Amino acid sequence: MMKLSLLGLAMGLVSQAAVAATSAPPLENKQAFIDHLISQMTEAEKIGQLRLISISPEMPREKIREEIAAGRIGGTFNSRTAPENRPMQDAAMRSRLKIPMFFAYDTVHGERTIFPIGLGMAATWDMNAVAKVGRTAAIEAAADALDMTFAPMVDIARDPRWGRTSEGFGEDTYLTAKIGQAMVRAFQGSSPANPDSIMAIVKHFALYGAVEGGRDYNTVDMSLPKMYNDYLPPYRAAIDAGAGGVMVALNSINGVPATSNTWLMNDVLRKEWGFKGVTISDHGAIQELIRHGVARDGREAAKLAIKAGIDMSMNDTLYGEELPGLLKAGDVSQAELDQAVREVLGAKYDMGLFKNPYVRIGAAQNDLKDYYGEDRLHRDAARDVARRSLVLLENRRQTLPLSKDATIALVGPLADAPIDMMGSWAADGRPNHSVTVREGLRRAIEGKGKLVYAKGSNVTGDKAIVDYLNFLDFDAPQIVDDPRPPAVLIDEAVKAAQQADVVVAVVGESRGMSHESSSRTTLQVPANQRALIEALKATGKPLVLVLMNGRPLSIGWEREQADALLETWFAGTEGGNAIADVLFGDYNPSGKLPITFPRSVGQIPMYYNHTRIGRPFTPGKPGNYTSQYFDEPNGPLYPFGYGLSYSTFELSGLALSGNKLKRGDTLQASVVVRNTGKVAGETVVQLYVQDASASMSRPVKELKNFQKLMLKPGEARTVTFNISEEDLKFYNGQLQRVAEPGAFNVQVGLDSEAVQQQDFELL
Ligand code: BGC
């Protein structure tokens, strides 16, 4: 009967499911449309919708298309481009109900044009720059026939041993939430249904960044107030900004894996936050419930996951295999199944796929000749964001900016490293599109100065590490070593340095060192690179260290060797040009650290907004019985919010509009910021608040607002922040979100440490 009603309907862009039966409600009525569709579905078709399948190059395409046509797959990830995805959508259109597929991918910091990694984006403290990343990525991804991205990643990371620190936006709740929101809005545009929008799936819900010891996939144990105050808000912010979906974390939380955590998934996400979108497990996470020790077998794992509210199973075997039996036995109800299906269909609806299953695939005659072409790139946007992401950590004796007429020795294992420049999770970025530091410098000084290049060292001298990194799941070997002995490499670099006016050494981590499954026990620059730095220093030439890395490194020693130190993260396709812009002063650096740089791994966890304690360490007042390490200076190497410029800025006259705040009113904090340098530059004025006396010990300070502004030399401007009751709220011991009356103080600075302070009282 179904078949009959379909016959004779004109084939158009509108999915046939939309008109599957004469009684079908109009497509405009989402709820009725989906309910009706569900009422037409067999149990097998429903289960099929919950399966999200990874398409690898080796996978037999014919088999996949058969599965899709049989209604056994809901969506895929990792395949991209219209010629690749169209046959799968065609297969879906041959299925009984013609429910469209969706195509997802990890478009995290770019799709073809690669932008700085998450930490770099966060270092811009610039929401326009962040939006540019998300929008450009969406445009390119949609043109790659993708409907959905597994991003943004908003896991707060306070243990830089964790390799995925690189993907997130740092240690701070407020900054991360802001960026997460900006990314969601930029990915989705005015609607995730738009042809140039992709749906954002915020991840990894929840607390993945807090894995014990920074060891990937490890467990998380955390108090509820800490969770609610520090770790959960960024996910919620992304959801409030309209993120269509949530990816569920691989870790357990206080003993219960997120994937089977009904409290997390139902009570918090659905009930408390009112989330209506789709939830997706992480890769293989349902199966892993067995090894977590909460499910006896695959059947129980599938049951726990669906009951917890995991709608889609990533790279599924278990939902497909086990749900039929579970439904038959009554262990999973029809209603539970239908709810998951409803959310998957709802996401497809929101992506505009029922209206037009080919909305992003387009018509075959419009397929690009070359999906990997230069003409697909947005280089200007990438260069603009990349230079904003660079953080100047040291600049002694004004070593920077460099003269373009100079002879520059460029050395280091990362100076000419196109793969590393892209950072991890670089989607479909191509190394041959990357501008390395060598290429960027070459272009900048062409016809003027001279560049002498020598590699100087490999990334690491540890063969076991090279083997591990090359084993990681990337398309090509990550590290190709120079086989010459280390001493020969160093000699060559020293000779280059001796001929030069200045040495620029590009050192740090290869991209695979800051990736999923790349936790480290040390934050040091590898020993062979330090040997190179030592030899370069001994030449007596001015030494500029350009750092590439995906986590804070403990660079106390390097700081002493270097005359200038520039943190560049992994800056993306245009990284080399952006770095040259800063090194030669064509761009005045304005980035600020979104994460604390500890002195050593032993200080971890080290983050600026730690809870107050009874015996705090007081700088300048050493003494026993305060909270400190006796074998190393205390405090961070570089604090959160820190970053230099070629200008100097001065803050003065922090004033509050009053010393009492009535609920419902606002208080103004204003401060004068002056450019006391010789060049125009941008800086970030940061507003922190401390709840001085509360029902619980509160953080020493918390970022509540910031403003980035450009000032001409000598120019002064008053920056004003509004503070309201809302800014003073926190989750107390009973998990009530309250602003408690009493004393507060406002701290304003150009980093989190050097602040001016004023007090007020909330009535
Ligand atoms: C990662 C996710 C990612 C997924 C799909 C997993 O290993 O944890 O962040 O989205 O793979 O590629």
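Since the structure is predicted, the reported quantities are computational estimates derived from the model, not experimental observations. Ligands are counted one by one from 1 in listed order, and the atoms in each one are counted from 1 as well.
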Practice problem: Indicate whether any N or O donor in one side chain lies under 3.5 Å from an N or O acceptor in the other, for E272 and Y228. | Solution: yes
Exercise. For the pair R61 and E84, find out whether any cationic side-chain nitrogen is under 4.0 Å from an anionic carboxylate oxygen.
Key: yes
Quiz item: Between E516 and ligand 1, does any nitrogen or oxygen pair lie at a separation below 3.5 Å?
Solution: yes
Exercise. Please identify which atoms of ligand 1 are closer than 4.0 Å to at least one heavy atom of K203.
Key: 2 (C), 3 (C), 9 (O), 10 (O)
Quiz item: In terms of atom number and element, which parts of ligand 1 are under 4.0 angstrom from non-hydrogen atoms of F77?
Solution: 5 (C)
Quiz item: Tell me, which protein residue and heavy-atom name are nearest atom 4 (C) of ligand 1, and how many Å apart are they?
Solution: D282 OD1, 3.5 Å
Quiz item: Taking NZ, NE, NH1 and NH2 as the nitrogens, is one of them in R376 or E111 under 4.0 Å from a carboxylate oxygen of the other?
Solution: no
Quiz item: Which of the numbered atoms in ligand 1 are below 4.0 angstrom from a heavy atom of H204?
Solution: 2 (C), 8 (O), 9 (O)
Self-check item: From CA spacing to verdict: side chain to side chain contact (heavy atoms under 4.5 Å, CB included), H433, M422
Solution: CA-CA 10 Å; H433 287 150; M422 299 192 298; over 6 Å; no
Quiz item: Should the pair F354 and Y349 be assigned to parallel (<30°), tilted (30 to 60°) or perpendicular (>60°) ring geometry?
Solution: tilted
Quiz item: Does S517 reach the side chain of Y468, with side-chain heavy atoms less than 4.5 Å apart?
Solution: yes
Practice problem: Check each heavy atom of E167 against ligand 1 and say whether those closer than 4.0 Å belong to the side chain, the backbone, both or neither. | Solution: neither
Quiz item: Between W162 and Y208, what is the ring plane arrangement, given parallel below 30°, perpendicular above 60°, and tilted in between?
Solution: perpendicular
Quiz item: With the threshold set at 4.0 Å, does a side-chain nitrogen-carboxylate oxygen contact exist between E516 and R164?
Solution: yes
Quiz item: Purely on distance, is any nitrogen or oxygen of D106 under 3.5 Å from one on ligand 1?
Solution: yes
Exercise. Assess Y208 for proximity to ligand 1: is some non-hydrogen atom of it under 4.0 Å away?
Key: no
Practice problem: Please work out whether any backbone atom (N, CA, C, O) or any side-chain heavy atom from C-beta onward of W425 is under 4.0 Å from ligand 1, and answer side chain, backbone, both or neither. | Solution: side chain
Quiz item: M247: heavy atom below 4.0 Å from ligand 1, yes or no?
Solution: yes
Quiz item: Looking only at heavy atoms, is any part of M153 under 4.0 Å from ligand 1, and if so is it the side chain, the backbone, or both, or is it neither?
Solution: neither
